[in-house]
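First up is the structure itself, then whatever we jot down about it.
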Amino acid sequence: MTIKENLLAIKNSLPEPVTLVAVSKTKPVSDLMEAYEAGQRIFGENKIQEMTDKWEQLPKDIQWHMIGHVQSNKVKYMASYVTLVHGVDSLKLLQEINKQAKKHDRVIDCLLQIYIAEEESKFGLDVNELNELLQSETFKELQHIRVIGLMGMATFTDSEAQIKKEFQNLKAIFDSTKGITAANFDLSVLSMGMSGDYKIAIACGSTMVRIGSSIFGTR
Ligand SMILES: *Cc1c(COP(=O)(O)O)cnc(C)c1O
């Protein structure tokens, strides 16, 4: 199957409200162009340097999503063009994104990453940290970021029951957080699901899936 065939098959299988982020990390720009020519406009990368290189080379109507762990000192390289930052897991990082967005007179949309997996290595906030962040005065004063949703990754396991439990947990957190109102806070996006688990994620209420290897092949 070609990239185009993979992409269109997945796209056609997604229910209407679910947005597809084509995860193109490590892949050459020629692969991204193939997906672009098949109609894809949202691409996800996990390294700021690589994303910026690709942004420079590719058509400017592409929306770039940073899906990886973000280092504060690199935010400045993507602040002029990034569409959505998925992996925000601290107030300090939000403050840095806010500072860099301000320099470009922009508001950058962000998702807060929530820790739902059993693995030690996964980044993210727990529910208490999430609530603490949202209720802090420092957060409420940030005018150049907007938190529009939550993001999470399930444990890498063959157990569908476990993955389902974790996604249901994230959906419950999402629903319970929805009631909070602030000028820079408006939850509409629930980013969960990758190649191996996106069908489960959608059944659990995902509105945005991040799919790489099922489109572009193994890395
Ligand atoms: C790489 C990556 C994906 C895509 O993974 P696939 O299994 O290739 O679909 C999704 N989300 C994040 C955060 C990633 O780093």
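For ligands, and for the atoms within them, numbers begin at 1 and follow the listed sequence. Please read these numbers as outputs of a predicted model, since none were measured by experiment.
One finds a salt bridge joining Lys54 and Glu50 here, because a Lys/Arg side-chain nitrogen approaches an Asp/Glu carboxylate oxygen to under 4.0 Å. A salt bridge links Asp61 and Arg41; the closest N-O separation between the charged side-chain nitrogens and carboxylate oxygens is under 4.0 Å.
In this pair, His65 and His86 present their aromatic rings tilted. The plane angle is within the 30 to 60° band.
Taking the side chain to side chain contact (heavy atoms under 4.5 Å, CB included) definition, one finds that Ala35 meets it with Ile3, Leu7, Gln40, Phe43, Phe216, sequence neighbours left out.
The neighbour count for Gln162 CD, taken as heavy atoms of other residues, nucleotides or ligands under 6.0 Å away, is above 12.
Grouping the Ile, Leu, Val, Met, Phe, Trp and Tyr side chains by contacts below 4.5 angstrom, directly or via other members, places Ile108 with Tyr77.
For ligand 1, the 4.0 Å heavy-atom shell takes in Val23, Lys25, Ile67, Met151, Met153, Met194, Ser195, Arg210, Ile211, Gly212, Ser213, Arg219, ordered by chain and residue number.
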